[in-house]
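All remarks here apply to the structure that follows.
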Amino acid sequence: MKKSHEWLCTLTGHHSIAMAKPEVGIGGGGKLSARIIMQNTRARGWECGSIAAAVCLIAIARAPAADKPHDHREHLPANTAPRSPDAPPPAGYEKVDHELVIGTVPGRMVYDTAFVRVRPGAKVKLVLKNNDDMQHNLVICNPGQDVGLTVSQAAWALGADALAKHFVPDSPLVLHHTLIVNPHQADTIYFTAPRDEGDYPFVCTLPGHVFTMAGVMQVGKGGKSAAPRGELRKREADWYYVRVTDRPRVVRCSMPDSSSRSIAVGLPGGTSYCFDAEGCFVRYGWTGEFLDAGPDRGRGNSRGGGANRPLGERCNVGTNGFPLRIGSSDTPKVVFRGYRTEPAPVFLYSVDGVEVAQSIAPARSGIGLTYTFELPQTPLGPVRFIVDTTGVATTSDAGEFENGRLTIPADRARKFSVTIVEAK
Amino acid sequence: MKFPANNVKNILRKGAKAQRNPEKAKLSLCAFAPLREFSFHWPFAPSRLCVESSAALTFAMVILQLSFCNFLHAQPSIIPPGYSVETIPTPPGVDFEVGGIGFLPDSSLLVTTRHGDVWRRHESTGEWSLYAEGLHEPLGIWVDPRNGDAYIAQRAELTRLVDEDKDGDADLYQTVCADWGFSGNYHEYAFGPVRDSAGNFYVTLNLSHSTERVVGETEMGNSAPFRGWCVRISPDGKMTPIASGMRSPAGIGISRDDELFYTDNQGGYNATSGLYHILPGRFFGHPNSLYDDPRFAGRDLASIPLENLDALRTLPAIWIPHGELANSPGEPVFDNTSGKFGPFAGQLFVGDQTKSNLMRIALEKVGGEYQGAIFNFIDPLDSGVIRNAFAPDGSLYVGMTARGWGSIGAKPFSLQRIIYDGKTIPFEMHTVSLTRTGFDITFTKPADPATAAGTERYLVRHWGYKYQPAYGSPKVDETFVLPQAVTLSVDGKTVHLDLPLVPRRVYQLLLVNITSTAGEKLTTPTAYYTLNRLRE
């Protein structure tokens, strides 16, 4: 099977299949040594490899006298300026049939496009836009089983050559490729699509990336579509949904409308809540299933870091910042101390130097939560509890609320409960 | 200068044989892997031509080598004699992406996973039980040998896990310190802790992948206080930021003498990955962390010239060449096993997430600062290596995860254990030490003078790196050197190389077919020495 293997050296403006230049350098040992650097002897792969030496020698003979010692490798290391999409195209590509932009998704180890289609023999401009925080490339391969993996493995075996070769092995399986693209940069290549119809895999050949950074460039007039994703979604739900059965579940994570130091708690019976460990108070509750931990934990090959998703209907618990006042201060200093998990979660924090333990249970009637506060000793003065009463009903075993404020006498404040439910 | 051509011809001949008879040739191809690694920069024209003229053959060799050495075998292709790898079965159905490894007083293993569990493996039965759950990507653990309390750095805080009711799992999750900033960005990892002899804990904090508080055109930001710092946390929970300039300080280690080291990953302001010696007040090069340094309060950090930052920074004790040895190194651990783990007591072992290998580091002090040599040790393991811990029996547990970056080890996660047989002395470079005139390479056992005494047996090249906001750095001004003189000591264990020395360079030493007196080959014939300072 013969394919078109022309390689456009848009970087240097050459359209040669092999380049070689003699270089004279002074070695560190003070000895003069001649060095020959060749690169990208890719044309026609197998066939050309055997004649590369001859090509090389011819090239040496024809190499013009360089103004100064010049090493082509300098064009290729990883920090090479990428080829801008706006730079003038090489000859013959002033008009292209397809302009493709493939990006990388930050933190996910995937391309944002897994499937592109081009017409046989079409002129293609392809931009790889790297939105990630690490280096990537894009290598289009000839069709075949596991070709992307085979090419990647050959790239990983390049050893000291790998960076200079942009993780592209000398392989007949490689059709076209970008340079290594640094974070937040892009690289542009121009090529003529193969005349043979088929599915041409593209992959990132940096070490280990192929397992998730892979797609297909389909050469043809249409018909096939990208792989169905429904099955994958179902599997992801099984993996990342945290389910509550007979015991409470406690998950530290980022949560929506709360700080990144949040704790999601799911209680048996279908009530859950979000405790903000930075502010030491409950932000909200919800009823239904517990938690999709995929966003923060990292779905698939993702690095995670997103806010997790409560799986249910949110309920208002009248939160208006940190609710407790112990002593006279209206801006208490609150320090999170941690939590106990058995038999049910109890949160520990200090309020203006007074240690508090707060347990949280579903309200016995209505949709809401009951908080039980315990102090280690009788406080010096009354304790206040402040809530935003909009849309909620509040009760307590320690007194009556007035305008969203409950004042508990010191001698009653060692242990008291507050229940907040959604108003009917 | 006649040696390389013959060697290369040999390789090619064997490669050709391999094509005809792959099964038979598999060993010889593996053995030549290090030479192939070197071939691209081969400084001598004739051999260079030979190598290039057989591009197809080279490709065939690569494929053969991959097929027969790396990917079908459970065992690594590089492993010193006397060492073996055991894969520990992990709890079924659990994404066992290892974040930290520790040992309870009864020797049972505690492993934190990136999804937030802590699993306990019972020493006697090998069975796993859930010790704690729901932590926020815990990436390290230190277990108090006196009482079994586990200290764990989560993204949000340093936590002490206590089994108060002694029923075999933790029930108190106590916040020790939550004073560092955490915006929620995925890149804001917290690594550690390690603990010093005074009871202080140390945690390293990644920069954010963001555009907030950024100096220069670089990919990382600083979205919350003390990103890019190492912080010290006193036994009573008070936090003191002690050193800055870090990017992705993915591993922290401490010596018996309370000396702190961390590894950083290549990226902006970080030419290639490295191992750094932490001392209070040090700045390691990434300026984004300086937004939280009171000495720079009110300063326009962007206006500070790069050369001033360069002068301010502490160089790594070890540069780890990107793509060759490691792309994202993890936890450095000191071999304090007094020989239970083989002849490298006192040296450091560190793994790499991308390359999935385990490396060995031999440090020395020159001019009062650490520098030294790094060697590939075991390569590859199952998945991306980020955590190592020596077990009480002297074996080394290796914790792995590939998620988020990918790794050459094709499994998504794994837990393996490296075991030394207690008797075999592998033939290795034990240390590479700088002299006033070159290097002393000390072997683990006597080298054969017929192979070790010739200058042509030592291929040396050295290069520098750029300090720049852009991602990483190419090798700068790569230079090839032949030693001017080579002397083997009377006991055959140390070879003295005389060659010109240039500071602030990485020296790669490739030893060509040097054998022990018993004819054993070096498992790893390549050393990378970071020469920051010359000997006075």
- Applying ring-ring contact (aromatic ring centres under 6.0 Å, His included) to B:His322 and not counting sequence neighbours gives none
- Would you mind checking which part of B:Arg155 comes under 4.5 Å of any heavy atom in chain A, side chain (CB onward), backbone (N, CA, C, O), both or neither? side chain
- Among B:Leu172, B:Asn185, B:Val502, B:Val162, single out the residue with the greatest number of heavy-atom pairs under 4.5 Å to chain A. B:Leu172
- Let me know if B:Gln353 has heavy atoms under 4.5 Å from chain A in its side chain, its backbone, both or neither. neither
- Query: Which residues satisfy the side chain to side chain donor-acceptor pair (under 3.5 Å) test with A:Arg303, sequence neighbours excluded?
  - Reply: A:Asp132, A:Asp133, B:Tyr186
- Item | Nearest heavy atoms of B:Leu130 and A:Arg247, plus distance in Å | CD2-NH2, 4.4 Å
- Return the minimal non-hydrogen interatomic distance between B:Gly406 and A:Met109, and the atom names on each side. N-CE, 4.0 Å
- Considering only heavy atoms, which portion of B:Arg505 lies under 4.5 Å from any heavy atom of chain A: side chain, backbone, both, or neither? neither
- chain B heavy atoms under 4.5 Å from A:Arg337: which part of the residue, side chain, backbone, both or neither? backbone
- Item | Atom of B:Asn327, atom of A:Pro207 and distance for their closest heavy-atom approach | ND2-CG, 4.2 Å
- Item | Contacting moiety of B:Ala402, where chain A heavy atoms sit under 4.5 Å | backbone
- Task: Measure B:Asn265 against the heavy atoms of chain A and call it side chain, backbone, both or neither at under 4.5 Å.
- Result: neither
- Message: Counting heavy-atom pairs under 4.5 Å with chain A, which one of B:Ala132, B:Gly134, B:Gly93, B:Gly237 comes out on top?
- Response: B:Gly134
- Could you tell me whether a side-chain N or O of A:Ser260 sits under 3.5 Å from a main-chain N or O of B:Phe182, the two making a donor and an acceptor? yes
- Item | Main-chain N/O of A:Asn301 paired with B:Arg403 side-chain donor or acceptor, under 3.5 Å | no
- What are the two closest non-hydrogen atoms of B:His115 and A:Gly298, and how far apart are they? NE2-O, 4.2 Å
- Side chain, backbone, both or neither of B:Ala170 within contact of chain A (heavy atoms, under 4.5 Å): backbone
- Task: Heavy-atom distances under 4.5 Å only: say whether B:Leu499 touches chain A with side chain, backbone, both or neither.
- Result: neither
- Message: Less than 4.5 Å to any heavy atom of chain B: does that hold for the side chain of A:Phe336, its backbone, both, or neither?
- Response: both
- Contact residues of residues 249-256 of chain A (partner chain B; heavy-atom separation under 4.5 angstrom): A:Arg249, A:Val250, A:Val251, A:Arg252, A:Cys253, A:Ser254
- Residues pairing under salt bridge (charged side-chain N to carboxylate O under 4.0 Å, His left out) where one sits in residues 162-187 of chain B, two or more places apart or in two chains, turn out to be A:Arg340-B:Glu164
- Answer with side chain, backbone, both or neither: which region of A:Asn130 has an atom nearer than 4.5 Å to a non-hydrogen atom of chain B? neither
